[in-house]
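A note on names: the letters A, B, ... follow the listed sequences, proteins ahead of strands, and every chain is numbered from 1.
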Number of protein chains: 2
Amino acid sequence: MISEEEMQIWHMWKSSYTNIFGRVVKDMFEQTGLSEGDFGILDRLDLYGKGKLRQQELADSMDWTKSRLSHHLTRMEKRGLVLREPLETERGVQVITTSAGKSALNNARPVVSVAIREHFLELLTEQDIDSITNLAERAKAKS
Amino acid sequence: MISEEEMQIWHMWKSSYTNIFGRVVKDMFEQTGLSEGDFGILDRLDLYGKGKLRQQELADSMDWTKSRLSHHLTRMEKRGLVLREPLETERGVQVITTSAGKSALNNARPVVSVAIREHFLELLTEQDIDSITNLAERAKAKS
DNA sequence: ACCTTGCGGTTGACGTGTCAACTATGATAT
DNA sequence: ATATCATAGTTGACACGTCAACCGCAAGGT
């Protein structure tokens with residue numbers, strides 16, 4: 001069993017995340033039309049693959065299941081942000097950023113920066129950063 | 001703009017939450033068949049209303065929109081966990097926990113405790129608890 | 001050659017959330 | 001009494017995620 005105080009910690013932790021993350025995502029969506037997922041995908045295509053990546057690599061780098069990615073790409077393809085092309089050398093699919101995707105990404109970068117700074121980084125003390133770093137370490141090790 | 005390190009903090013923070021929260025939710029669902037939302041609703045009905053609550057109060061206490069709650073209750077009603085009854089004295093709807101709902105809740109409490117302890121509390125130092133508390137304060141103030 | 005295995009990806013069903021539009025009803029002002 | 005307004009709740013469309021079942025294709029073993 002868990003004490004009332006411990007349960008409070010849990011609730012505070014959840015609501016902090018929900019609030020902050022929600023604000024960042026909302027700003028981004030309102031100002032750029034991109035969701036977190038959209039941004040993550042375009043970002044990785046740009047950084048790791050200069051605009052192209054194999055679907056499976058992409059899924060791995062985002063820690064997403066192939067199903068989740070497949071669904072998401074279907075939606076993004078419909079909006080003209082990316083397109084899919086079969087690989088010639090081996091089986092599998094290349095995901096390619098369209099020019100619309102590129103400009104959406106470039107558009108979004110500064111917006112995302114500002115939102116993260118304003119809604120998240122601004123709130124953090126040095127100690128918080130320590131905690132976040134350490135907790136991330138311990139949380140990852142578990143998996 | 002944001003430095004590489006700052007972006008790392010953001011990513012670490014997101015993935016810690018996703019990992020930990022995901023583990024808790026998964027344990028709960030696998031062992032009790034309840035989602036976070038289900039549990040939250042049944043919990044509040046029990047604590048604040050001895051099994052009954054007006055829909056709007058419930059929504060407020062969970063920080064959910066009425067729409068979100070309405071959708072969720074529709075699903076829970078279908079599964080026999082709660083039922084809805086119009087108020088006689090005023091307009092509005094009473095949400096009532098069924099006996100199936102009650103036993104699901106009692107069933108779930110210890111499971112939730114264990115999961116939160118194992119996946120979350122175990123990972124925390126005193127300093128982390130401080131940080132969580134303070135950040136929650138600052139994150140709430142903003143809204 | 002044939003069969004199995006595993007990888008890469010898609011699909012459909014369903015739970016979850018948001019948003020905007022809608023209905024209905026109580027409260028308030030004139 | 002009537003018009004207006006706010007509150008309570010529902011609904012439909014759609015984005016997002018998970019899960020399990022499925023398809024197609026390479027690689028290896030026999």
Mutual orientation of the aromatic rings belonging to A:His72 and A:Trp64 [parallel < 30°, tilted 30-60°, perpendicular > 60°]: tilted

Test: B:Glu57 and B:Arg44 ion pair at under 4.0 Å: no

For A:Gly92 and for B:Gly37, locate the closest nucleotide of DNA chain C by heavy-atom distance; then report the residue assigned to the nucleotide nearer the 5' terminus. A:Gly92

Rounded to whole angstroms, how far apart are CG on A:Leu73 and C1' on C:dT11? 14 Å

Would you say a side-chain N or O of B:Ser70 is under 4.0 Å from OP1 or OP2 of D:dT10? yes

Going by modelled atom types, is there a donor-acceptor pair between the base of C:dC7 and the side chain of A:Arg91 at under 3.5 Å? yes

Rounded off to whole Å, could you give me the CD-to-P distance for the A:Gln55 and C:dC7 pair? 17 Å

How long is the straight-line distance from CD1 of B:Ile96 back to NZ of B:Lys102, given to the nearest 0.5 Å? 9.5 Å

Donor-acceptor pair present, B:Thr65 side chain and C:dC19 base, under 3.5 Å: no

If you look at every strand shown and take non-hydrogen atoms under 4.0 Å, does A:Arg75 touch a base, only sugar-phosphate, or nothing? base

Taking atom types as they are modelled, is there a donor-acceptor pair under 3.5 Å from the base of C:dG9 to the side chain of A:His71? no

Using a cut-off of 4.0 Å on non-hydrogen atoms, how would the nucleic acid contact of B:Arg84 be classed: base, sugar-phosphate, or nothing? sugar-phosphate

Closest nucleotide of DNA chain C for B:Asp38 versus for A:Glu30: which of these residues is on the 5' side? B:Asp38

Want to settle it: does A:Ser35 or A:Glu90 sit nearer the 5' end of DNA chain D, counting the closest nucleotide to each? A:Ser35

Indicate whether OP1 or OP2 belonging to D:dT7 is found under 4.0 Å from a side-chain N or O atom of B:Gln56. no

Under the 3.5 Å rule, do the base of C:dT11 and the side chain of A:Ser67 count as making a donor-acceptor pair? yes

What nucleic acid atoms does B:His72 come within less than 4.0 Å of, heavy atoms only: base, sugar-phosphate, or nothing? sugar-phosphate

Anything under 30° is parallel, anything over 60° is perpendicular, the rest tilted; go ahead and classify B:Trp13 against A:Tyr17. tilted

